[in-house]
Amino acid sequence: MNWNKPVKFKYGGEDWEMPLSTLILLIVLTLVLMFGGAWLGFKFGSGQL
């Protein structure tokens, strides 16, 4: 698999292009931060933090 293959997509009316490895890295980081924030919010809301 070519990790440096440019991926083209359109978001918000703008054309974007970035390597596949960078796109996967951004998606993984976004998911980790979302789940971490949800977990911390749950702990804070239940009074365990």
Side-chain angles (χ1 to χ4, degrees):
M1 179 177 255
N2 184 8
W3 292 103
N4 290 327
K5 177 184 176 193
V7 178
K8 297 177 183 179
F9 56 94
K10 192 171 211 172
Y11 182 73
E14 296 290 329
D15 292 330
W16 290 81
E17 181 178 341
M18 65 177 63
L20 180 61
S21 59
T22 305
L23 184 62
I24 291 173
L25 177 67
L26 287 175
I27 291 170
V28 168
L29 284 174
T30 301
L31 291 175
V32 166
L33 289 173
M34 284 172 56
F35 285 119
W39 182 78
L40 281 175
F42 178 77
K43 290 291 187 180
F44 183 76
S46 63
Q48 297 177 4
L49 190 65

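Here the structure is a predicted model, which is why all the values come from computation and not from measurement.
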(request) Please identify each residue that fulfils side-chain contact (heavy atoms from CB on, under 4.5 Å) with Val28, with sequence neighbours left out. (result) Ile24, Val32

(request) Sorted by first residue and then second, give each side-chain hydrogen bond (donor to acceptor under 3.5 Å, both in side chains) pair with at least one member in residues 18-30; sequence neighbours left out. (result) none

Please list every donor-acceptor pair under 3.5 Å in which a side-chain atom of residues 7-18 meets a protein atom from a residue at least two apart or in another chain.
none

(request) Could you pull out all residues at least two apart from Ile27 that satisfy side-chain contact (heavy atoms from CB on, under 4.5 Å)? (result) Leu23, Leu31

(message) If hydrophobic residues (ILVMFWY) are linked whenever their side-chain heavy atoms come closer than 4.5 Å, directly or via other members, who joins Leu33 in its cluster?
(response) none

If you look only at distance, which donor and acceptor atoms sit under 3.5 Å apart when one is on a side chain in residues 42-49 and the other is two or more places apart or in another chain?
residue, atom, partner, partner atom, Å
Lys43, NZ, Gln48, OE1, 3.0
Ser46, OG, Phe42, O, 3.0
Ser46, OG, Lys43, O, 3.3

(request) Could you identify which residues cluster with Leu29, counting Ile, Leu, Val, Met, Phe, Trp and Tyr as linked when any side-chain heavy atoms lie under 4.5 Å apart, either directly or through a chain of such contacts? (result) Leu25

